[in-house]
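We count ligands from 1, going down the list as the structure has it; atoms in each ligand are counted the same way. Only heavy atoms go into these numbers, but all of them, side chains included; no hydrogens, no water, no symmetry mates.
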Amino acid sequence: MACVVLVGAQWGDEGKGKVTDFLAGKAAVVVRFQGGNNAGHTVVVDGEEFKLHLLPSGILYPGKSCVIGNGVVIDPPVLMAELADLSTRLSVTGNLFISPRAHLIMPYHRLLDRLEEEMRAGKIGTTARGIGPAYTDKIRRTGIRVADLLDREEFAARLADILAEKNEILTRVYGAEPLDYNAVVEEYLAYGDFLRPYVADPGVLVTAALDRGQGVLFEGAQGTLLDIDHGTYPYVTSSSPTAAGACLGAGIGPTLIDRVIGVAKAYTTRVGGGPFPTELYDEMGEHLREVGHEFGTTTGRPRRCGWLDAVALRYAVRVNGLHSLAVVKLDVLTGIPKLRIGVAYRYRNEVLTGFPPSLKVLADCSVEYEEMPGWHEDITGVRTVAGLPANARRYLARLTELTGAPVSIVGVGSSREQTLVADPDLFS
Ligand code: IMP
């Protein structure tokens, strides 16, 4: 396998963990390039379920190099807890490397995330993990990176400056308690000691692996429509989950990337606020949520569910330059007599050609649907695309016609074996 970027093509929670885990078997290096522990990847290995928030999914493979890139924001206690949990459940895991340029989530980020959300009129529905405030500080140049933490004096001095300002904001704007400088310094210096042995430059690791002819997999978190630039702003996350984010978030150039794959569910879900044109408010939405177990891995919130949205997917194909789609959870649609796919948006009397940038327009759009016959056969035991019922194959073929992207992978269940490869060249 060459250099592959895997991204979410919808609003996150597409089931990227499962596809990443499947492809990770062929790669020597797996890299996370954005987001933080707002993400939640569920991977089932030998019947055992693992929920990962910060660690790359490749960590479940013994000896695999797993990299947390500079584009990720790291909450050190979360990382430590995740590693500790894995070490009690697996005798050997992958080898972890952490970019010295990755930014840290600090205690005030977690506090401010919640306080800012409480004050907001239009709730974003953040995961309250401190992600937005940590990225805000990165862009304002008041962030603290792993490298800064490793230099004890530099860290203590930098934190003194930054915390003085944060405490002003916490107390004067929000009426909250200030944070104790000495306690934060002590706590974080201990995290620095923990992180130190893992620190390495991701760009160097990736290029060395590619030079040796080994495969590299970039694992996106969240999804295209949550991208800070290309998503349904402001109902987005604060990072770049689209394919270009892999270059920025790992320190490599775009010329190294051979293939970009977008993961989409066979229907659509979203958590948090913001417009969702194909959302279902009836029993069908409830049915998809129950059968698809659509409850957040990170927050446990019920996910909003709707029909497949080909307009949004077409947009994701363009924004990411997708070579193909991995369509997962196809089995959730089994038994639904008539399936619907959103094929166009209509705003007032106009049929829109693209995905509208205005949230007001998006919220007021009506969706034009195409109806397709479903299938009733149990597909969870099917192991080839050709073995799928004819109507399931027609559904996938129509999706390709509507989006312009071939389907390279199909998911029919949560385990590694329930992943069907439609593209014989996928691993070349
Ligand atoms: P934040 O990233 O926690 O600030 O949340 C911003 C928005 O992105 C909220 O609507 C969240 O529900 C959503 N979000 C963040 N991470 C994920 C994810 O991994 N899957 C799905 N939605 C997410």
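Of all the atoms in ligand 1, the ones that sit under 4.0 Å from a non-hydrogen atom of R301 are 11 (C), 12 (O). Ligand 1 places these atoms under 4.0 Å from at least one heavy atom of I124: 6 (C), 7 (C), 9 (C), 10 (O). Remark: ligand 1 atoms within the under-4.0 Å shell around heavy atoms of W11 are 21 (C), 22 (N). The atoms of ligand 1 that sit less than 4.0 Å from any heavy atom of G125 are 9 (C), 10 (O), 11 (C), 12 (O).
Nearest to atom 21 (C) of ligand 1 by heavy atom, out of I131, D13, D113, is D13. Between atom 1 (P) of ligand 1 and the options T237, T269, T232, T299, the minimum heavy-atom separation is to T237. Between the choices A134, G8, P133, A39, the shortest heavy-atom distance to atom 19 (O) of ligand 1 belongs to A39. Among N37, L225, T126, V271, the residue whose heavy atom lies nearest to atom 4 (O) of ligand 1 is T126.
Taking 4.0 Å as the cut-off between side-chain N and carboxylate O, D13 and K265 do not count as a salt-bridged pair. Residues K51 and E49 are paired through a salt bridge, judged by an N-O separation under 4.0 Å between the basic side chain and the carboxylate.
Aromatic ring pairs are classed by plane angle as parallel below 30°, tilted from 30° to 60° and perpendicular above 60°; the pair F276 and W11 is tilted.
Judged by the shortest distance from any of its heavy atoms, V236 lies inside the 4.0 Å radius around the atoms of ligand 1.
The N/O atoms of Q222, backbone and side chain alike, include one that comes under 3.5 Å of an N/O atom in ligand 1.
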| query | Taking it one step at a time, do E219 and S57 satisfy side-chain contact (heavy atoms from CB on, under 4.5 Å)? | reply | CA-CA 8 Å; E219 165 185 4; S57 304; 2.8 Å; yes
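Annotation: side chain to side chain donor-acceptor pair (under 3.5 Å) contacts involving residues 397-412, sequence neighbours excluded, comprise S324-S408, E370-R398, R398-E401.
Remark: minimum distance from atom 13 (C) of ligand 1 to any protein heavy atom is reached at L226 CD1, 3.9 Å.
Judged by a 6.0 Å distance limit and a 45° cone about the ring axis, R340 is positioned over the six-membered ring of Y369. Seen from the ring of F50, R89 counts as a face-on cation partner, given the 6.0 Å and 45° thresholds.
For F97, there are no ring pair (Phe, Tyr, Trp, His ring centres under 6.0 Å) partners, not counting sequence neighbours.
Of all the heavy atoms of T127, the ones lying under 4.0 Å from any atom of ligand 1 are found in both the backbone and the side chain.
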